[in-house]
Amino acid sequence: MGRCTDHGAAGLCQEPHREGVGASYGIWTVLHFRGQSGWPGPVLLRAPVNRSGPGHWAFNFPFAVMPSSFPTPAPDPHSLAGTGPARVRHLTLALNVDFATRTLAGTATWHLTHPGAADALVLDTRDLTIEAVALGPDAEGPALAFALGPADPVLGQALRVALPPGAAAVTVRYRTAPGAAALQWLASEQTAGTEPFLFTQSQAILARTWLPCQDSPGIRFTYDATVRVPPHLLALMSAENPQRLDPSGTYRFRMAQPIPAYLMALAVGDLAFAPLSPRTGIYAEPATLPAATHEFADLEKMVAAAEQLYGPYRWERYDLLVLPPSFPFGGMENPRLTFVTPTILAGDRSLTSLIAHELAHSWSGNLVTNATWDDFWLNEGFTVYFERRIMEQLYGRPYADMLQVLGRAALRHAIAEIGPASPDTHLRLHLAGRDPDEGLTEIAYEKGCALLLALEARVGRPRLDAFIKEYFARFSFRAMDTATFLAHLRAELLDAVPGLEAGLQLADWVEGPGLPAAAVPVASARFAAVDAVLARYAAGTAPAALSPATAGWSSHEWVHFLNALPATLAAADLSALDAAFRFTASGNAEMLVAWFAHTLRAGYGAADAALEKFLRHVGRRKFIVPLYRALLATPGGPARARRIYSAARPNYHAVATSTLDALLPQAT
Ligand code: BES
Ligand code: ZN
């Protein structure tokens, strides 16, 4: 009987598996060990199968070892630490949050997986000031020699710490830069209240701008943290969270499940909590909390539906944090505490599929994690499919069908924009040497979901669901790369049916461009009704006369309507539509953005003030980038875009400004 290489347990170790990926095939178990010196690449072990979810087979080598036909997972091209000799397993973080200097300062103690096994620890950093490195669990230990490698604008700098024999923990004393890319420091005017606000956005490779860490999605660790903030402010993390203010201003956190660095998160602000069910609730600024509790009233139902579909929720609580409007994404699946944009507070619960999406990441992404950003579709494609299954469970098939049709339209748009022959439209990406941010497009989401829909059509829902549920259970708390996933898919689902893989055109999805012919069409009965209204409008019916048919439409029907309106409408046509349907005054951000595309193109000036207000207020990149693009394409647009951007830029997170600075170079 062997011993666990991570935890020392004899036999089958029940601790979460920290590194590499393992998959079982009959009596063969394939284990990949990544970057561990002294280990072979992937090995096939003739060992009993572990189908029990967390845990991995513990061994040292009484077994027969033979080379496997499975490829070695590629090393992560976006981590300078990922290939270093030592691995982290647990973090103890102690940070002071200083709004005056816009810095985080403190210590990060890294506990290592194989004490004494390596002579150096390599961590990713970017724009951090490293003040000292000490041996052991606190800053008082003996000083260790360290060096920062050359600075790369995207990857940052490797921090290499020399380890004496037997070293089990290393403490780094550091501070962040005021412009740290993961952090957004908001003045009180940029919030709904009267206090400043701070939040982090670590995905994809920004964790290293606020924490020296092994910033690769294939490397997991547990953590505890102590965070000191000004009085009256609450601190929250992707961890066990407080539900009320502590007058001391010191908060303690614990994340007992191992997570990759991109899921590290911190938010500090004037925040209040409202419970929704024993295990769910909402944090928001006090002014926003009532609207948020109304909007997300079905949160517990969503968690229950997700569990019913694909197995137990493994993170205990599920809470939402509603951020100020500058949050650069719709949502971010920080474990136990999804971060969301307030732009989904539409008042009518019409945009909550975004919550289903972030919740679904609690399985696809947070339990089974893309090994590198080249495998991003494994996170997002499964999550989009799962999101729509949750929505179907709660609101019915016709509702979910609308989401599928909008998603497919977004996919076609993305393929056209990226270029139908571009390798960036393959599911498996090749992002080495580039900023991963550039390659993480709609393709992973909607082409990934389309592949699962094509699979569903061929094997049937019961078999696909059983496959997905078992996949999440078997690979929980592990990294998954595309090649291992494909091998697993073949072994579990495809190989049993002759011709299935060929009919599915699996290789074309993964390594080929565009949308393969094997994709199944999606259709929506509710959108067919919208199309009938559009046909009447095209045939000359006045907008005001359409309204009986549009009564009861959700924002999805309206977005479909707006997207399908001809691009030839004149300002006078838009004026009539606006008079009938009050688009410019809409409180629904998705509708507004679809509407502004027309108003800008047609020069319908009555919407200009609303557009400018939107751009100054909202920092969600998915909305503002297309709006600035559309603005740039109008007569006099470049000057106007630059004027609005220079006023709005201080309200945007670095994730958004890095894209917009390239689009609007003169404004910075
Ligand atoms: N994990 C993503 C956000 C992300 C991706 C951040 C890549 C940084 C790099 C999150 O789950 C997401 O997909 N958010 C979407 C919403 C979703 C409904 C498509 C967004 O923010 O628009
Ligand atoms: Zn996502």
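In this text the structure is predicted, and so the values were computed from the model without any measurement. Order of listing sets the numbers, starting from 1, for every ligand and every atom in it. Sequential numbering from 1 along the given sequence is applied to the chain's residues.
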Pairwise, report which nitrogen or oxygen atoms of ligand 1 are under 3.5 angstrom from protein nitrogen or oxygen atoms, and how far apart they are.
residue  : atom   : partner : partner atom : Å
ligand 1 : 1 (N)  : Gln203  : OE1          : 2.7
ligand 1 : 1 (N)  : Glu333  : OE1          : 2.6
ligand 1 : 1 (N)  : Glu333  : OE2          : 3.1
ligand 1 : 1 (N)  : Glu380  : OE2          : 3.2
ligand 1 : 11 (O) : Glu333  : OE1          : 3.0
ligand 1 : 11 (O) : His357  : NE2          : 3.2
ligand 1 : 11 (O) : Glu358  : OE1          : 2.7
ligand 1 : 11 (O) : Glu358  : OE2          : 3.2
ligand 1 : 11 (O) : His361  : NE2          : 2.9
ligand 1 : 13 (O) : His357  : NE2          : 3.1
ligand 1 : 13 (O) : Glu380  : OE1          : 3.4
ligand 1 : 13 (O) : Tyr445  : OH           : 2.7
ligand 1 : 14 (N) : Gly331  : O            : 3.3
ligand 1 : 14 (N) : Glu358  : OE2          : 3.3
ligand 1 : 21 (O) : Gly330  : N            : 2.6
ligand 1 : 21 (O) : Gly331  : N            : 3.3

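- A salt bridge links Lys622 with Glu590; the closest basic N to acidic carboxylate O contact falls under 4.0 Å.
- For the Zn ion (ligand 2), the neighbouring protein N/O/S atoms at less than 2.8 Å, given as residue and atom, are His357 NE2, His361 NE2, Glu380 OE1, Glu380 OE2.
- Side-chain contact between Ser238 and Ile259 is present, with heavy atoms from C-beta onward closer than 4.5 Å.
- Using cut-offs of 30° and 60° for the angle between ring planes, the His598 and Trp595 rings count as tilted.
- Taking the six-membered ring for Trp and thresholds of 30 and 60 degrees, Phe485 and Phe467 have ring planes more than 60 degrees apart, a perpendicular arrangement.
- Using a 4.0 Å cut-off between charged side-chain N and carboxylate O, Arg388 and Glu456 make no salt bridge.
- By the 4.0 Å N-to-carboxylate-O rule, Arg126 lies too far from Asp215 to be salt-bridged with it.
- Listed by chain and number, the residues in a side chain to side chain donor-acceptor pair (under 3.5 Å) with Thr209 amount to none (sequence neighbours excluded).
- With sequence neighbours left out, the ring-ring contact (aromatic ring centres under 6.0 Å, His included) criterion links Phe386 to Tyr310, Trp363.
- For His357 and His361, the distance between ring centers is under 6.0 angstrom.
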